[in-house]
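Remarks on the structure that follows.
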Number of protein chains: 2
Amino acid sequence: MDPSFPRPLVMVDTALFTILDERLCLLLTQRKEPPFERKLALPGGFVHVDEDADTEAAARRVVCGKIGFDAPYLEQLFTFSGATRDPRGWSVSVAYYALIPASLLDRSQTAEAFPVEALPALPFDHDRIVAKAIERLRGKATYSSLPAFLLPATFTMNELHRIYEQTIGVRLDKASFRHKILEQGIIDPVPSQFRIGAHRPAQLYRLANRVLTAFERKI
Amino acid sequence: MDPSFPRPLVMVDTALFTILDERLCLLLTQRKEPPFERKLALPGGFVHVDEDADTEAAARRVVCGKIGFDAPYLEQLFTFSGATRDPRGWSVSVAYYALIPASLLDRSQTAEAFPVEALPALPFDHDRIVAKAIERLRGKATYSSLPAFLLPATFTMNELHRIYEQTIGVRLDKASFRHKILEQGIIDPVPSQFRIGAHRPAQLYRLANRVLTAFERKI
DNA sequence: TGAATAGTGTCTTTAAGACACTATTCA
DNA sequence: TGAATAGTGTCTTAAAGACACTATTCA
């Protein structure tokens, strides 16, 4: 019944994005075990076949261990594999990425956040994982509600506008952005809720849908 | 050095698309081993750690075994995993999908092609894999040169037009399609080459780039 | 000539971009 | 009042869609 092929190692790695000081950041963790002990790396670990229902459950377990709560948005990124990517042997890493609103993080966690343009050297093939995660994030940001998952439950139009600009990396016209987003119907105004400050109060919005929504498009 | 966690089974499965009689089809294979012996399934198999450099190499090995040559376009799709998807134990299947021009297939292979709307019942979680592969194919078709990989090296504008309509599943205006495709620059005319028949000769084109090219877009 | 496919022109509708304008709050 | 953020209007440009028109070949 049980096939006699030698089995690879199977692990998950996670790229956890957040926005701090208007900059896209990644949460890294200090490794406790060899190899690369005490080096900063993506949070990850082996799949526990007696505990994890599937690799997504393993990834959620790893994320919870890092930030203490389940990620609002988590998605499978890509599977990295091969004989040489891990010195312990032929391995498969199912990589996930998650978006974490900075407002949910506590101080010790934000201390381990690094802007994506200023990351330390990473072990294994974690550079490739990070590059792929940023590429996916940027790509999906241009046609979906993805960046909104970096914000708290309610947010203003300008906060949303800025988060799109920061994740995509380009300037977007204020009026056009507002028009496009409202037209797509991915957010709803929260009735009679406004953000106040030393200026005109701003309408608060929330995501219309708890899951990722892609914009309409044809060829 | 070697971690003592129980290791999952690791395999690859492939969804091989082609177009036959203007219909999107999948190549299935008859299983030779238990479980589900002699049932039609996606071509797949265990990773051979002493032979495959990574899971993509394993997938290419499987595809070559099925069609006899390397797939012109092959891409990692998604990784399916869990304790229950395979009766042999906790398993990880790294799924790939590939596009195969029908002109490269021989008769015995086309005999095992099934239109995606008329597939037989599939074992394991192959239904999910197929659904995800079709979703990916349809999605990418709307903003990239992907469908062109279902065609032979040279093709007419109308053949390209039809292949886009068949993969996306919607009617596209002839003039708009032509304009859009030429504007994106994903194909080049082959100088003084024309498809002839009982009608006006048609200019032949080829892909400008051997790799997938995405269309420009902003938010 | 008529059927079949190839290829173009034009008009309308819709969306995107630029940018200026008005609105509301607090110091 | 002025600084700061919120929100809207308008004009221009570009793209998408509809659809009719011309072109070339063979039976």
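Within every chain, numbering begins at 1; the chains are lettered A, B, ... in the order of the sequence lines, protein sequences first and strands thereafter.
- Nearest to the side chain of A:Arg200, among C:dA16, D:dG7, C:dG17, sits D:dG7.
- Of the listed nucleotides (C:dA4, C:dA15, D:dA15), C:dA4 has the atom at the smallest distance from the side chain of B:His199.
- Going from atom OH of B:Tyr143 over to atom C1' of D:dA15 covers 20 Å, rounded to whole Å.
- The nearest whole Å value for the distance from the NE2 atom in A:His161 to the C1' atom in D:dT8 is 15 Å.
- Rounded to whole Å, the distance from CZ on A:Arg171 to C1' on C:dA18 is 8 Å.
- Using Watson-Crick or G-U wobble geometry with both donor-acceptor distances under 3.5 Å, C:dG17 finds its partner in D:dC11.
- When the C1' atom of C:dA18 is taken as reference, atom CZ of A:Phe177 falls 17 Å away, rounded to whole Å.
- For B:His179 and B:Asp173, each mapped to the nucleotide of DNA chain D holding its nearest heavy atom, the one lying further toward the 5' end belongs to B:His179.
- Of the candidates C:dG7, D:dG7, C:dT25, C:dT25 carries the atom nearest the A:Pro201 side chain, counting heavy atoms from C-beta on.
- Under the Watson-Crick or G-U wobble criterion, with both distances below 3.5 Å, C:dT25 is paired with D:dA3.
- B:Phe215 has its side chain within reach of B:Ile181: a pair of non-hydrogen atoms, C-beta onward, lies under 4.5 Å apart.
- At a threshold of 4.0 Å, the pair A:Arg85-A:Asp13 counts as salt-bridged, since one of the basic side-chain nitrogens sits closer than that to a carboxylate oxygen.
- The nearest whole Å value for the distance from the CD atom in A:Glu183 to the P atom in C:dT13 is 18 Å.
- One distance of note links NZ of A:Lys66 with CG of A:Leu16; it measures 8.0 Å at 0.5 Å rounding.
- Sparse packing is recorded around CG of A:Asp21, with 12 or fewer heavy atoms of other residues, nucleotides or ligands lying under 6.0 Å away.
- Taking atom CD1 of residue B:Ile168 and atom P of nucleotide D:dA16, one finds them 13 Å apart after rounding to whole Å.
- The side-chain hydrogen bond (donor to acceptor under 3.5 Å, both in side chains) test applied to A:Asp86 returns A:Arg88, not counting sequence neighbours.
- Take the nearest nucleotide of DNA chain C for B:Arg178 and for A:Ala175: the residue whose nucleotide is more 5' is B:Arg178.
- Distance from the side chain of A:Gln203 is smallest to D:dG7 among C:dG7, D:dG7, D:dT5.
- Taking side-chain N and O atoms only, A:Lys180 has a distance below 4.0 Å to OP1 or OP2 of C:dA16.
- Distances were taken from every side-chain heavy atom of B:Lys174 (C-beta onward) to each of C:dA15, C:dA23, C:dT8; the shortest belongs to C:dT8.
- Rounded to whole Å, the distance from CD on B:Gln184 to C1' on D:dA14 is 14 Å.
- Distance, B:Leu160 CG to C:dG7 P: 12 Å, rounded to whole Å.
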